[in-house]
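Structure first, commentary second.
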Amino acid sequence: MTTKQDVLSLIEKNYPNLSPSARSIANYLQQNPLAIVSQTSAEIADNTKTSKATVSRFFRQLGYETHQGAKQAQLALRESGVPTFIEGASLDQTAQEMKNLSLTFEGLRPDILNDISQRLAKASRVTLIGFRNAYPMALHFRQQLQQVRHSVRLLPQPGQTLGEDLHDILDDEVIVLLGFRRRTRQFKHIIQVLEGRDTVLITDPTGQVYNQQVSDVLVCHLGNESPFDSYAAPMSLISMLCNRTFGFLGDSASNQAQDISELYETLDELEP
């Protein structure tokens with residue numbers, strides 16, 4: 001049973017071996033991919049002028065036991081982060097974002113958030129690591145923390161390898177690793193290298209597989225209702241952690257923020 005490849009890729013791969021009637025089904029599904037999850041075998045047969053038996057044979061030739069198996073495999077792709085539009089899904093963006101935020105913050109313990117924020121305030125250095133969709137969030141996290149504390153760095157640096165930087169981790173350093181579904185293959189190796197260090201993982205529910213290898217896991221919900229993931233929840237969590245870190249740093253954070261604001265004016269970097 002194939003579950004990792006999407007149905008359309010399997011259609012393309014198997015197309016030369018399909019019968020004329022099966023090719024009619026293949027052509028229809030390639031032009032109407034939503035039909036894979038929204039239509040019954042009978043409806044597909046009717047729309048392609050074939051039979052239910054032919055539709056069943058078609059999906060078996062792709063590697064699925066039934067049409068339902070193909071449908072579940074296609075839906076599983078969305079769970080793994082692949083953009084997939086599902087008929088009947090809500091397009092109420094506000095409601096979806098509120099749901100993601102609610103699920104995220106209901107699952108986070110305030111005492112753990114306070115503890116992490118204190119560690120971010122007291123650490124000799126904070127390292128933020130993010131790849132792909134997590135990189136801009138790590139970049140924003142660094143920009144916020146740099147306004148209130150010294151020694152905050154972002155990895156990976158463009159065009160650079162990670163080995164020398166991971167070797168340079170300090171004993172009292174806090175590493176914040178951000179990784180969401182469709183993580184790079186390198187991710188699990190970085191987790192292994194950082195095992196035993198003070199590492200906070202910000203991730204979606206699939207990242208909980210690493211919860212025995214890091215100090216803390218903060219789970220954010222990205223939603224499955226729309227084709228693309230939403231990162232409102234992790235960005236809100238980053239804002240919360242930075243605000244709490246600011247609070248724990250107190251006057252030193254205020255003084256640093258003021259000094260930076262004065263530099264903005266000296267360098268004429270921001271609009272008045």
Side-chain angles (χ1 to χ4, degrees), residues 81 97 100-101 104-105 108 112-113 115-170 172-195 197-211 213-223 228-246 248-249 253 256-257 260:
E97 299 295 11
N100 293 338
L101 288 166
T104 296
F105 287 103
L108 297 174
I112 291 178
L113 293 174
D115 180 61
I116 292 171
S117 300
Q118 284 185 309
R119 282 147 52 196
L120 290 173
K122 295 178 179 179
S124 60
R125 183 170 66 190
V126 174
T127 292
L128 301 155
I129 303 175
F131 296 88
R132 301 186 74 244
N133 46 9
Y135 187 83
M137 284 180 278
L139 181 64
H140 177 68
F141 206 156
R142 184 199 64 165
Q143 188 272 340
Q144 298 291 291
L145 286 180
Q146 277 190 323
Q147 295 187 62
V148 297
R149 59 151 296 149
H150 296 288
S151 300
V152 182
R153 64 174 180 167
L154 174 68
L155 298 177
Q157 292 297 311
Q160 298 299 308
T161 51
L162 274 173
E164 54 269 53
D165 290 310
L166 294 183
H167 183 268
D168 191 38
I169 298 291
L170 305 174
D172 60 344
E173 183 167 352
V174 173
I175 306 100
V176 180
L177 183 59
L178 297 96
F180 302 94
R181 51 195 180 193
R182 307 188 86 183
R183 293 175 287 271
T184 64
R185 291 184 180 275
Q186 191 179 16
F187 194 85
K188 63 182 178 181
H189 301 299
I190 294 172
I191 291 277
Q192 291 170 356
V193 169
L194 294 175
E195 197 163 352
R197 300 287 188 174
D198 189 354
T199 304
V200 178
L201 173 59
I202 298 178
T203 185
D204 65 280
T206 67
Q208 293 177 98
V209 296
Y210 299 112
N211 63 10
Q213 297 172 271
V214 297
S215 306
D216 298 284
V217 176
L218 301 180
V219 175
C220 298
H221 292 268
L222 313 180
F228 292 100
D229 291 341
S230 167
Y231 295 95
M235 286 297 282
S236 183
L237 173 60
I238 288 169
S239 176
M240 172 186 282
L241 291 172
C242 290
N243 286 328
R244 294 191 182 201
T245 300
F246 193 125
F248 285 121
L249 286 167
Q256 178 155 322
I260 291 172

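Worth knowing before you read on, the calculation uses all heavy atoms, side chains too, and leaves out hydrogens, waters and symmetry mates.
One finds the CE atom of Met240 at 10.5 Å from the CG atom of Leu218 (value rounded to the nearest 0.5 Å). Atom-to-atom distance recorded for Asp216:CG and Leu177:CG is 12.5 Å, nearest 0.5 angstrom. Here CG of Leu101 is found 12.0 Å from CE of Met235. Values are rounded to the nearest 0.5 Å. Expressed to the nearest 0.5 Å, how far CZ of Phe131 lies from CG of Leu162 amounts to 4.5 Å. One finds the CD1 atom of Ile175 at 8.5 Å from the CZ atom of Arg153 (value rounded to the nearest 0.5 Å). Atoms SG and CG, from Cys220 and Asn100 in turn, are 10.0 Å apart once rounded to the nearest 0.5 Å.
For Ser215 (side chain) and Thr199 (main-chain N/O), a donor-acceptor pair under 3.5 Å exists by modelled atom type. Within the 3.5 Å criterion, the main-chain N or O of Leu249 finds no donor-acceptor partner in the side chain of Arg149. Side-chain atoms of Gln256 come within 3.5 Å of backbone N or O of Gln146 as a donor-acceptor pair.
Thr203 and Gly179 make their closest contact through OG1-O, 2.7 Å (heavy atoms, listed as atom of the first residue, atom of the second, distance). A pairwise comparison of heavy atoms in Cys242 and Gln144 identifies SG-CB, 3.4 Å as the closest pair. Between Tyr210 and Ile191 the shortest heavy-atom distance is CD2-CG2, 3.9 Å. A pairwise comparison of heavy atoms in Pro156 and Tyr135 identifies O-CE1, 3.5 Å as the closest pair. Between Ser124 and Leu170, the closest heavy-atom pair is OG-CD1, 3.5 Å.
In this structure, Phe141 and Val152 have side chains that are not in contact, with every pair of non-hydrogen atoms separated by 4.5 Å or more. A 4.5 Å side-chain heavy-atom check between Asp168 and Arg125 finds at least one atom pair inside the cut-off. The shortest side-chain heavy-atom distance between Leu108 and Phe105 falls under the 4.5 Å cut-off. Side-chain contact check for Leu241 versus Val176: every heavy-atom pair is 4.5 Å or farther apart. Taking the side chain as every heavy atom from C-beta outward, Ile202 and Met137 never approach each other to under 4.5 Å. Leu154 is listed as a side-chain neighbour of Leu139, based on a closest heavy-atom distance under 4.5 Å. Under the 4.5 Å side-chain criterion, counting only non-hydrogen atoms from C-beta, Leu237 is in contact with Leu113.
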Kindly indicate, with the supporting measurements, whether the criterion side-chain contact (heavy atoms from CB on, under 4.5 Å) is fulfilled by Ile169 and Val193. CA-CA 11 Å; Ile169 298 291; Val193 169; over 6 Å; no
Evaluate Ile238 against Tyr231 for side-chain contact (heavy atoms from CB on, under 4.5 Å), listing each step before the verdict. CA-CA 11 Å; Ile238 288 169; Tyr231 295 95; over 6 Å; no
Determine whether Ser236 and Thr104 satisfy the following criterion, side-chain contact (heavy atoms from CB on, under 4.5 Å), listing intermediate values before the conclusion. CA-CA 10 Å; Ser236 183; Thr104 296; over 6 Å; no
Could you please spell out the steps behind the side-chain contact (heavy atoms from CB on, under 4.5 Å) verdict for Lys188 and Gln213? CA-CA 10 Å; Lys188 63 182 178 181; Gln213 297 172 271; over 6 Å; no
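Only one option out of Arg142, Glu173, Arg197 pairs with Thr127 in a side chain to side chain donor-acceptor pair (under 3.5 Å); it is Glu173. For the side chain to side chain donor-acceptor pair (under 3.5 Å) with Arg181, the qualifying choice from Asp229, Thr206, Asp204 is Asp229, the only one to do so.
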